Amino acid sequence: MLHILSKENTVLNKFVAEIRDKVIQKDSMRFRRNLERIGEIAAYEISKTFSYEPKVVETPLGEATVEMITDDLVIATILRAGLPFHQGFLNYFDDAQNAFVSAYRKSTKDGKFKVKVEYISCGDLEGKTLLLVDPMLATGSSLVLAYNALCEKGGTPKHTHMAAVIASEQGIEYVEKNMPRLTTTIWCAAVDEELTSQAYIVPGIGDAGDLAYGEKI
C-alpha cells in the first residue's frame with residue numbers, strides 16, 4: 001500500500017518546499033530540522049494504522065482512560081542521510097527501539113554502481129513493527145537491501161512501514177516488487193517522475209547527506 005502525504009494540503013508542503021529550495025538548502029541546520037519535521041508528520045500519520053488498547057491513567061483528581069499504542073516499534077535508518085529524518089520519528093515514538101544500517105554506492109568501471117551494506121546495529125525484530133526510514137527512495141535497492149540485512153540479523157517483523165521524503169516512481173515500483181506485499185506499507189511526502197541514469201531523483205533535492213552534514217570526499 002502506498003500513501004503520498006502531499007496529496008493533502010498541509011504544513012508539510014512548506015517543509016518539502018524548503019528542502020527542495022536551492023537557496024534555503026545552504027542552511028544545513030534548517031535542512032536537518034525540516035527533515036526532522038517531515039519525520040514527525042509522517043510518524044503521526046503512520047501512528048493511525050497501529051493497534052491500540054485502553055489504559056487507565058490516574059490523574060491528581062481521578063482516572064482517565066486513554067487508547068495507547070500496543071505495537072512494539074523499531075525505527076531503522078540508513079546512515080548518514082537518514083539521521084535527521086529518523087530523529088523526527090524518534091521524537092514521537094520515544095520509547096521505540098532503534099536500528100542503523102551503513103550502506104553506500106560502490107561504483108564499477110562501466111559507470112554503474114552496486115549498493116553495499118557494511119554495518120548493521122539492531123535488536124530483535126521478530127514479530128515487531130519496523131519503521132524503515134530514509135529521506136530518498138531513488139532506485140529502492142538500498143531500502144530493500146537494508147530490510148533484508150536487518151531481517152537476517154534480527155528476525156522478521158510483522159509489518160514494515162517504509163518512509164521517505166522524496167520518492168521516484170521507479171523506486172516505489174521496485175519496493176513493491178521486492179518486499180512482502182501484504183506486510184509492507186510505503187509512505188512518502190512527494191513522488192517525482194524522473195530518475196537519471198546515475199540514480200538521482202529529478203527535481204528531487206540533491207544529495208541529502210551532503211546537504212545535512214557537508215560534502216564528503
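Owing to the predicted nature of the structure, the values given are computational and were not obtained by experimental measurement.
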To the closest 0.5 Å, what do you measure between [atom1] ([X]) and [atom2] ([Y])?
| X | Y | atom1 | atom2 | result |
| --- | --- | --- | --- | --- |
| Met1 | His161 | CE | NE2 | 10.5 Å |
| Leu132 | Leu130 | CG | CG | 5.5 Å |
| Ile69 | Ser51 | CD1 | OG | 10.0 Å |
| Leu90 | Glu40 | CG | CD | 10.5 Å |
| Phe93 | Ile46 | CZ | CD1 | 6.5 Å |
| Ile38 | Cys188 | CD1 | SG | 11.5 Å |

request  = Could you check Leu131 against Val74 for side-chain contact (heavy atoms from CB on, under 4.5 Å), going step by step and ending with a plain yes or no?
outcome  = CA-CA 6 Å; Leu131 285 72; Val74 179; over 6 Å; no

Tell me whether [Y] is reachable from [X] by hopping between hydrophobic residues (I, L, V, M, F, W, Y) whose side-chain heavy atoms are closer than 4.5 Å.
| X | Y | answer |
| --- | --- | --- |
| Tyr92 | Leu5 | yes |
| Leu12 | Val133 | yes |
| Ile24 | Phe85 | no |

Looking only at heavy atoms, which two atoms of [X] and [Y] are closest? And how far apart?
| X | Y | value |
| --- | --- | --- |
| Gly155 | Pro157 | O-CD, 3.5 Å |
| Met162 | Tyr147 | CE-CB, 4.1 Å |
| Leu150 | Ala76 | CD1-CB, 3.8 Å |
| Ala42 | Phe89 | CB-CZ, 3.7 Å |
| Ala81 | Leu35 | O-CD1, 4.4 Å |
| Val16 | Ala189 | CG2-CB, 3.8 Å |

task = Could I get the full list of side-chain hydrogen bond (donor to acceptor under 3.5 Å, both in side chains) partners for Glu45, not counting sequence neighbours?
result = Lys48

Are any of the side-chain heavy atoms of [X] and [Y] separated by less than 4.5 Å?
| X | Y | answer |
| --- | --- | --- |
| Leu73 | Phe50 | yes |
| Val56 | Pro54 | no |
| Ile41 | Val11 | yes |

Name of the residue among Met136, Glu215, Lys216 meeting side-chain contact (heavy atoms from CB on, under 4.5 Å) with Asp207 = Lys216

Show me the pairs that pass side-chain hydrogen bond (donor to acceptor under 3.5 Å, both in side chains) and involve [range], at least two apart or across chains.
| range | value |
| --- | --- |
| residues 149-160 | His159-Thr185 |
| residues 8-21 | Asn9-Asn13, Lys14-Glu18, Glu18-Arg30, Glu18-Asn34, Arg20-Asp192 |
| residues 67-89 | Asp71-Thr129, Arg80-Asp210, His86-Asn98, Gln87-Asn91 |

key: ring pair (Phe, Tyr, Trp, His ring centres under 6.0 Å): pairs with one or both residues in residues 1-46, sequence neighbours excluded   = His3-Trp187

Please tabulate, one pair per line, all N/O donor-acceptor pairs under 3.5 Å involving side-chain atoms of residues 165-181, not counting sequence neighbours.
{"from": "Ser168", "atom 1": "OG", "to": "Ala138", "atom 2": "O", "distance (Å)": "2.5"}
{"from": "Ser168", "atom 1": "OG", "to": "Gly171", "atom 2": "N", "distance (Å)": "2.8"}
{"from": "Asn178", "atom 1": "ND2", "to": "Tyr174", "atom 2": "O", "distance (Å)": "2.8"}

Output yes when a side-chain donor or acceptor of [X] lies under 3.5 Å from a complementary backbone atom of [Y], and no otherwise.
| X | Y | value |
| --- | --- | --- |
| Lys26 | Lys22 | no |
| Gln25 | Ile19 | yes |
| Arg32 | Pro84 | no |

query = What do the steps show when you test Cys122 against Val101 for side-chain contact (heavy atoms from CB on, under 4.5 Å), and what is the final call?
reply = CA-CA 9 Å; Cys122 77; Val101 178; over 6 Å; no

Val202 and Leu195: CA distance, side-chain angles, deciding distance, side-chain contact (heavy atoms from CB on, under 4.5 Å) verdict = CA-CA 6 Å; Val202 178; Leu195 187 67; over 6 Å; no

task = Using the side-chain contact (heavy atoms from CB on, under 4.5 Å) rule, take Phe100 and Ile78 through it: C-alpha gap first, then chi angles, then the decisive distance, then the call.
result = CA-CA 6 Å; Phe100 301 92; Ile78 300 175; over 6 Å; no

key: Criterion salt bridge (Lys or Arg N to Asp or Glu O under 4.0 Å) on Glu36 and Arg33, from CA distance to verdict   = CA-CA 5 Å; Glu36 186 178 347; Arg33 179 62 182 128; 3.5 Å; yes

